[in-house]
Amino acid sequence: MSATQSDAKPKRPICPSCSKPTRVCLCSRIRTRNLDNSVSVTILQHSLERNHPLNSTRIAKLGLKNLNVVTVFEVDFEARFEIRLLEPGLGLIGPESSGFDQVREMEITQKAGFEVKGDGKCQDEKNRDLIDENENPCEKLDKGPHVDSINGEGVVINATVIKYGVVSHLSHIWKLDTHGKKPKFEHILTSTMAKEALRGGFVVKKLGRKKLEGNMELELEENEEFEIKVPQGSVLLFPSQNAIGVDELKSMHFEVKNLIVLDGTWSKAGRVYNENPWLKLLPHLRLDLDKMSLYSEIRSQPKVGCLSTIESIVYSLKALGEKVDGLENLLDVFESMVGDQRRLKDERLSKRTKE
C-alpha cells in the first residue's frame with residue numbers, strides 16, 4: 001500500500017435515507033414520514049443541486065408520500081421534447097370552457113394581444129400583425145386520420161431546444177398560422193382545442209442530444225433524460241410576470257391536484273424553466289408571502305419571498321388547503337439543517353483561526 005493510500009482520510013459515513021453525514025442525519029427529526037398529501041408534488045431538480053448540503057428536497061423525500069423528484073440536466077448541445085396526451089381524444093373535436101382556459105387565457109392575452117373566447121373565435125384586440133381578420137387560426141387543426149403524425153405514435157407536440165432555451169424547432173397537430181413569426185409554445189394556447197386537450201393532462205419525454213467526439217461529420221447521440229406525467233390540475237410554482245395567486249385560482253374554480261416546483265438556486269431554476277419550454281403550457285402560480293427564507297443567513301436570497309424548495313412546498317400546500325398534520329414539522333427540520341450548516345461553518349472558521 002502506498003503512503004498516499006495509507007494517509008488518505010476515510011470518507012465520512014453517510015445516512016442512506018437523507019444523504020447527509022451521519023453526525024447531522026435528519027431522519028430522527030422528522031416526526032411523521034410519508035405524509036399523505038392530497039395535492040401531489042413534482043420537483044424538477046437541477047442536476048447540480050442534488051448533493052448540495054443545504055438542498056431541502058431531501059426533507060420533502062422523507063416527509064411527503066405523494067412526491068416525484070425528477071433530475072433535470074442543462075442542455076449541453078440540444079434536447080428534444082415529445083408530448084403525448086393522457087386523454088388522446090380530449091379537445092380534438094370541440095372545446096369546453098375550463099379553469100385551465102381562464103388561467104392561460106389571462107397570460108396569453110397579455111403576451112400576444114388577443115383573447116380566445118369560449119366560442120372558439122379569435123378576437124384581435126391589439127396586434128393586427130398576429131392574426132389575419134379573415135382567418136381563424138384557432139381552428140386549424142390537422143385533419144389527418146391519426147394523432148401520431150408528429151414523429152411518433154401519439155405525439156402531439158415535438159420540439160427541439162438548444163442552449164439557454166432557444167427553440168430551434170416546434171411542430172404540433174394544431175396548425176396555427178403565425179404569419180411568419182417564429183413558433184413559440186405560447187402560440188399553441190391560442191387554440192381552444194389545444195388548451196382543452198392539454199387540460200386533460202399530458203406526458204413529457206425529454207431526449208438529450210450531444211455531439212459524438214472524434215467524428216469529422218456531425219453525429220448526435222440521443223439519450224432519454226426523463227419522462228414525466230403531468231396530470232390534470234397541474235400548476236407550476238414560478239413567479240413569472242403573468243403568474244397568479246391562490247385566491248385567483250380558487251375564484252376560477254381551478255382545482256390544483258399537482259404542484260410542480262423547480263429546485264435549485266434562482267439562476268439554476270431559471271435555466272431549468274427556460275430550457276423546458278413545455279412548462280409554459282401550465283398555469284403559473286405565485287406565493288404572496290412577506291417572509292424571509294430560513295436560508296437567508298447561509299445562502300443568498302435575492303429578495304423577500306424567495307424561499308427554499310421545502311418552504312415553497314409547505315407554504316403552497318397550506319395555501320391550497322392541504323390539511324395533513326405534520327407539514328410544519330418539515331419546516332422545523334429544515335431550520336435545524338440550516339443550524340447544522342451554520343455550526344459546521346463556525347467550527348471550520350475556528351480551526352483556521354487556531355492554525
Side-chain angles (χ1 to χ4, degrees), residues 39-46 68 70 72 81 83 97-116 157 159 161 165 167 184-192 194-202 204 228-289 291 302-309 311-322:
V39 176
S40 62
V41 177
T42 301
I43 298 178
L44 303 185
Q45 184 178 59
H46 191 285
N68 183 30
V70 178
V72 180
F81 294 91
I83 296 179
S97 178
S98 67
F100 179 90
D101 292 343
Q102 294 179 53
V103 174
R104 295 304 293 143
E105 280 172 16
M106 180 186 300
E107 296 182 14
I108 298 303
T109 300
Q110 295 178 21
K111 285 187 176 182
F114 60 86
E115 185 174 1
V116 181
I157 301 174
V161 174
V167 178
K184 295 182 179 180
F185 271 76
E186 292 93 325
H187 293 160
I188 297 173
L189 295 177
T190 62
S191 164
T192 50
K195 285 185 295 186
E196 181 65 15
L198 294 166
R199 182 194 68 83
F202 51 90
V204 182
I228 303 173
K229 179 181 177 181
V230 183
Q232 183 177 1
S234 293
V235 297
L236 172 68
L237 182 64
F238 192 78
S240 64
Q241 183 179 358
N242 297 310
I244 64 173
V246 172
D247 290 341
E248 292 171 90
L249 274 181
K250 290 179 179 178
S251 69
M252 295 172 182
H253 306 291
F254 184 93
E255 183 183 359
V256 177
K257 298 179 181 179
N258 181 54
L259 180 71
I260 299 177
V261 181
L262 308 184
D263 179 40
T265 62
W266 282 97
S267 61
K268 290 175 184 173
R271 185 79 180 261
V272 170
Y273 181 73
N274 290 328
E275 292 186 347
N276 289 268
W278 58 271
L279 291 169
K280 294 180 173 64
L281 300 174
L282 297 168
H284 288 30
L285 176 68
R286 69 169 186 269
L287 271 181
D288 298 319
L289 291 175
K291 291 180 178 288
K303 60 182 178 180
V304 172
C306 295
L307 305 171
S308 68
T309 299
E311 289 172 307
S312 299
I313 291 171
V314 169
Y315 290 130
S316 295
L317 290 179
K318 291 179 69 176
L320 292 168
E322 186 67 69

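FYI, side chains are in, hydrogens and waters are out, and symmetry mates aren't considered; it's all heavy atoms of this structure. Remember, it's a predicted structure, so these values are computed and weren't measured experimentally.
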>> Could you check whether Lys280 makes a cation-pi contact with Tyr273, meaning its NZ or CZ is under 6.0 Å from the centre of the six-membered ring and within 45° of the ring axis?
In response: yes
> So do Leu198 and Leu189 actually touch side chain to side chain, heavy atoms under 4.5 Å?
Replying inline: yes
>> Could you report the tightest heavy-atom contact between Phe254 and Ser234, atom names first, then the distance?
In response: CZ-O, 4.0 Å
>> I'd like to check Asn258 versus Val39 (side-chain heavy atoms, cut-off strictly below 4.5 Å). Are they in contact?
In response: no
> Do Leu44 and Ile228 have side-chain heavy atoms sitting under 4.5 Å apart?
Replying inline: yes
> Among all residues two or more places apart in sequence or in another chain, which pass the side-chain contact (heavy atoms from CB on, under 4.5 Å) test with Ala269?
Replying inline: Leu262
> Taking C-beta and beyond as the side chain, do Val167 and Phe81 meet within less than 4.5 Å on heavy atoms?
Replying inline: no
> Excluding sequence neighbours, so at least two apart, what forms side-chain contact (heavy atoms from CB on, under 4.5 Å) with Asn274?
Replying inline: none
>> Can you confirm whether Val261 sits close enough to Thr309 that some side-chain heavy atom of one is under 4.5 Å from a side-chain heavy atom of the other?
In response: yes
> How far apart are the C-alpha atoms of Leu281 and Ile157, what are their side-chain angles, what is the distance that settles it, and do they pass the side chain to side chain contact (heavy atoms under 4.5 Å, CB included) test?
Replying inline: CA-CA 11 Å; Leu281 300 174; Ile157 301 174; 4.0 Å; yes
> Is the backbone N or O of Lys257 less than 3.5 Å from a side-chain atom of Ser40, with the two atoms forming a donor-acceptor pair by type?
Replying inline: yes
>> Return the CD1 to NE2 distance between Ile260 and His284, rounded to the nearest 0.5 Å.
In response: 10.0 Å
>> The test is salt bridge (charged side-chain N to carboxylate O under 4.0 Å, His left out); show your working for Arg286 and Glu248 and say whether it passes.
In response: CA-CA 10 Å; Arg286 69 169 186 269; Glu248 292 171 90; 3.4 Å; yes
>> I need the full list of salt bridge (charged side-chain N to carboxylate O under 4.0 Å, His left out) pairs touching residues 269-279, with sequence neighbours left out, sorted by first then second residue.
In response: Glu74-Arg271, Arg271-Glu275
>> Restricting to salt bridge (charged side-chain N to carboxylate O under 4.0 Å, His left out), what partner residues turn up for Lys318, sequence neighbours left out?
In response: Glu328
> Is there a donor-acceptor pair closer than 3.5 Å between any side-chain N or O of Ser191 and the backbone N or O of Ile188?
Replying inline: no
>> If you apply the rule side chain to side chain contact (heavy atoms under 4.5 Å, CB included), what do you find for Leu317 with Val41, and how did you get there?
In response: CA-CA 9 Å; Leu317 290 179; Val41 177; 4.3 Å; yes
>> Are the side chains of Ser312 and Leu237 in contact, using a 4.5 Å heavy-atom criterion?
In response: yes
> Mind checking what makes side-chain contact (heavy atoms from CB on, under 4.5 Å) contact with Lys184, not counting sequence neighbours?
Replying inline: Glu186, His187
>> Holding to salt bridge (charged side-chain N to carboxylate O under 4.0 Å, His left out), I want the full list of residues that pass it with Glu322, two or more places apart in sequence or in another chain.
In response: none
> Is there side-chain contact between Leu282 and Val230, with at least one heavy-atom pair below 4.5 Å?
Replying inline: yes
> So do the side chains of Tyr315 and Leu307 get within less than 4.5 Å of each other, counting heavy atoms only?
Replying inline: yes
> Of the non-hydrogen atoms in Val72 and Asn276, which two are nearest, and what is the gap between them?
Replying inline: CG1-ND2, 3.7 Å
> Taking it one step at a time, do Leu285 and Val246 satisfy side chain to side chain contact (heavy atoms under 4.5 Å, CB included)?
Replying inline: CA-CA 7 Å; Leu285 176 68; Val246 172; 3.8 Å; yes
